[in-house]
Amino acid sequence: WKEIAVIVAKNEAGQITAFPPVEMEFNPEANLVELLICPSNISNEIHQKAIQLAEDVINSYDLCGLLAVELFLDQNNNLLVNEVAPRTHNSGHHTIDSCTTSQFQQQLRAVSNIPLGSTKMMSPAVMLNVLGAEGFTGNAQYEGLEKCMAVEGAKFHIYGKTTTKPFRKMGHVTVVDDDLEKAKEKANFIKNTLRIIA
């Protein structure tokens, strides 16, 4: 099985748009998303079903705004809703760098009841959550940052937190590349090179 997520938006006029489903890979120790891959490695049929399910969920809540819908895809290709969040969400952070409209702009459009923006992908993307290194608590220091910033297509979003602790989310990096496999390689290089220590 795998876990995927769809960010869907609805305005007061009833217009609904959804971003392409993303696939999530988890850090087994911290039990949080480490890599987010877009587009997800699912069939077109599952892609469409995931979007339809997200649209059904936002309609059932009669929600105006943005909704993150996290889904499990089981071995029999069934989609099960795991969790929802009525806000901008970690599973949509890559949209800042990879989509025509970001999730943040879409949220503002939805609650202002103006036409929703295009959710078209401009580039495949892999988003990496930047976590505090295990065994370090204190004033944050970024080890290997310059090497990572030299990676083509890497977009850094550091949250400005001054104190680190193990697995604390300190920022994220989105890697955009025309080749999704190359984006994954670059993201894994950053994951293995960038350490937040104290």
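In this chain, numbering begins with 1 at the start of the sequence shown. All values below were derived from every heavy atom in this structure, side-chain atoms included, with hydrogens, water molecules and symmetry-related copies excluded.
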inquiry  = So which atom in V111 and which in G65 form the shortest heavy-atom distance, rounded to 0.1 Å?
reply    = CG1-CA, 4.1 Å
request  = Consider only side-chain heavy atoms of I, L, V, M, F, W and Y, link residues closer than 4.5 Å, and tell whether M122 and I96 are in one cluster.
outcome  = no
inquiry  = Before you tell me yes or no, could you show the steps for L145 and L194 under side chain to side chain contact (heavy atoms under 4.5 Å, CB included), namely the whole-Å CA-CA distance, both residues' side-chain angles and the distance that decides it to 0.1 Å?
reply    = CA-CA 6 Å; L145 183 59; L194 181 58; 4.0 Å; yes
message = Tell me whether T101 contacts the main-chain N or O of S118 through its side chain, where contact means a donor paired with an acceptor under 3.5 Å.
response = yes
message = Please determine whether ring pair (Phe, Tyr, Trp, His ring centres under 6.0 Å) holds for the pair F156 and H172, giving the CA-CA distance in whole Å, both sets of side-chain angles, and the decisive distance to 0.1 Å.
response = CA-CA 6 Å; F156 287 77; H172 71 270; 9.8 Å; no
request  = Find out whether T164 and M170 are in side-chain contact, i.e. whether some heavy atom of one side chain is under 4.5 Å from a heavy atom of the other.
outcome  = yes
ask   = CG of L128 to NE2 of H157: how many Å apart, nearest 0.5 Å?
value = 11.5 Å
note = For K10 and A110 the tightest heavy-atom approach is O-CB, 3.4 Å
key: Distance (rounded to the nearest 0.5 Å) between F136 CZ and E143 CD   = 7.5 Å
ask   = Looking at CG of N78 and CG of L80, how far apart are the two atoms once the value is rounded to the nearest 0.5 Å?
value = 6.0 Å
message = side chain to side chain contact (heavy atoms under 4.5 Å, CB included) for V130 and I196? Distances and angles first, verdict last.
response = CA-CA 8 Å; V130 178; I196 303 177; 3.2 Å; yes
query = Knowing that exactly one of D97, V22, V173, T174 qualifies, which makes a side chain to side chain contact (heavy atoms under 4.5 Å, CB included) with M127?
reply = T174
Sidechain-backbone polar pair: D177 side chain, D179 backbone, donor-acceptor under 3.5 Å = yes
request  = Apply side chain to side chain contact (heavy atoms under 4.5 Å, CB included) to the pair F167 and E134, showing each step before the final yes or no.
outcome  = CA-CA 7 Å; F167 305 117; E134 200 171 0; 4.0 Å; yes
query = After noting the C-alpha distance and the side-chain angles of Y142 and I158, does the key distance pass the side chain to side chain contact (heavy atoms under 4.5 Å, CB included) rule?
reply = CA-CA 10 Å; Y142 291 79; I158 303 300; 3.4 Å; yes
inquiry  = Hydrogens and angles aside, do Q103 and H93 bring a side-chain donor and acceptor to less than 3.5 Å of each other?
reply    = yes
A68: partners by side-chain contact (heavy atoms from CB on, under 4.5 Å), with sequence neighbours left out = I7, A85, H89, S91
task = Please work out whether the ring planes of F72 and W1 are parallel, tilted or perpendicular, with thresholds of 30° and 60°.
result = perpendicular
inquiry  = Could you check whether atom OH of Y61 has more than 12 heavy atoms from other residues, nucleotides or ligands sitting under 6.0 Å from it?
reply    = no
ask   = Do T119 side-chain atoms and A18 backbone N/O form a donor-acceptor pair below 3.5 Å?
value = yes
query = For residues N59 and E55, is any side-chain donor paired with an opposing acceptor at under 3.5 Å?
reply = no
D74 side chain vs L79 backbone, donor-acceptor pair below 3.5 Å = no
query = With a 4.5 Å heavy-atom cut-off, do T162 and N139 have their side chains touching?
reply = no
ask   = Should M121 and L66 be counted in the same cluster of Ile, Leu, Val, Met, Phe, Trp and Tyr side chains packed under 4.5 Å apart?
value = no
key: Under 3.5 Å donor-acceptor, N11 side chain and I114 backbone   = yes
query = Taking C-beta and beyond as the side chain, do V8 and V57 meet within less than 4.5 Å on heavy atoms?
reply = no
message = Rounded to the nearest 0.5 Å, what separates atom CD1 in I58 from atom OG1 in T17?
response = 8.5 Å
Side-chain donor/acceptor pairs under 3.5 Å, residues 35-47, sequence neighbours excluded:
| unit_1 | atom_1 | unit_2 | atom_2 | d |
| --- | --- | --- | --- | --- |
| S40 | OG | P21 | O | 3.4 |
| S43 | OG | I46 | N | 3.1 |
| E45 | OE2 | K49 | NZ | 3.4 |

task = Check D178 against S123 and note the closest heavy-atom contact, atom names and distance.
result = N-OG, 4.3 Å
task = Taking atom NZ of K2 as the centre, report whether more than 12 heavy atoms of other residues, nucleotides or ligands fall under 6.0 Å from it.
result = yes
inquiry  = Which heavy atom of L63 sits nearest to which heavy atom of P86, and what is that distance?
reply    = CD2-CB, 4.1 Å
inquiry  = Less than 4.5 Å apart, side chain to side chain, heavy atoms only: is that true for M24 and E3?
reply    = yes
ask   = How far does CD of Q15 sit from CG of N113, to the nearest 0.5 angstrom?
value = 9.0 Å
request  = Verify, without hydrogens or angle tests, whether R195 (side chain) and L131 (backbone) share a donor-acceptor contact under 3.5 angstrom.
outcome  = no
ask   = Is it the case that more than 12 heavy atoms not belonging to N192 sit under 6.0 Å from its CG atom?
value = yes
message = Would a single hydrophobic cluster contain both F19 and L116, if residues Ile, Leu, Val, Met, Phe, Trp and Tyr are joined by side-chain heavy-atom contacts under 4.5 Å?
response = no
remark   = What one should report as the nearest heavy-atom pair of A125 and V176 is CB-CG1, 4.1 Å
key: E12 atom CD: more than 12 heavy-atom contacts under 6.0 Å   = no
ask   = Would you say K186's side chain and E152's backbone share a donor-acceptor pair under 3.5 angstrom?
value = yes
Approximate separation, where rounding is to 0.5 Å, of T88 OG1 and L108 CG = 9.5 Å
message = Is it the case that over 12 heavy atoms from other parts of the model lie below 6.0 angstrom from the NZ atom of K184?
response = yes
query = Hey, does the side chain of S112 reach the backbone of R109 with a donor-acceptor pair shorter than 3.5 angstrom?
reply = no
ask   = Hey, does the side chain of K161 reach the backbone of K169 with a donor-acceptor pair shorter than 3.5 angstrom?
value = yes
message = Any non-hydrogen side-chain atom of V69 less than 4.5 Å from a side-chain atom of L71?
response = yes
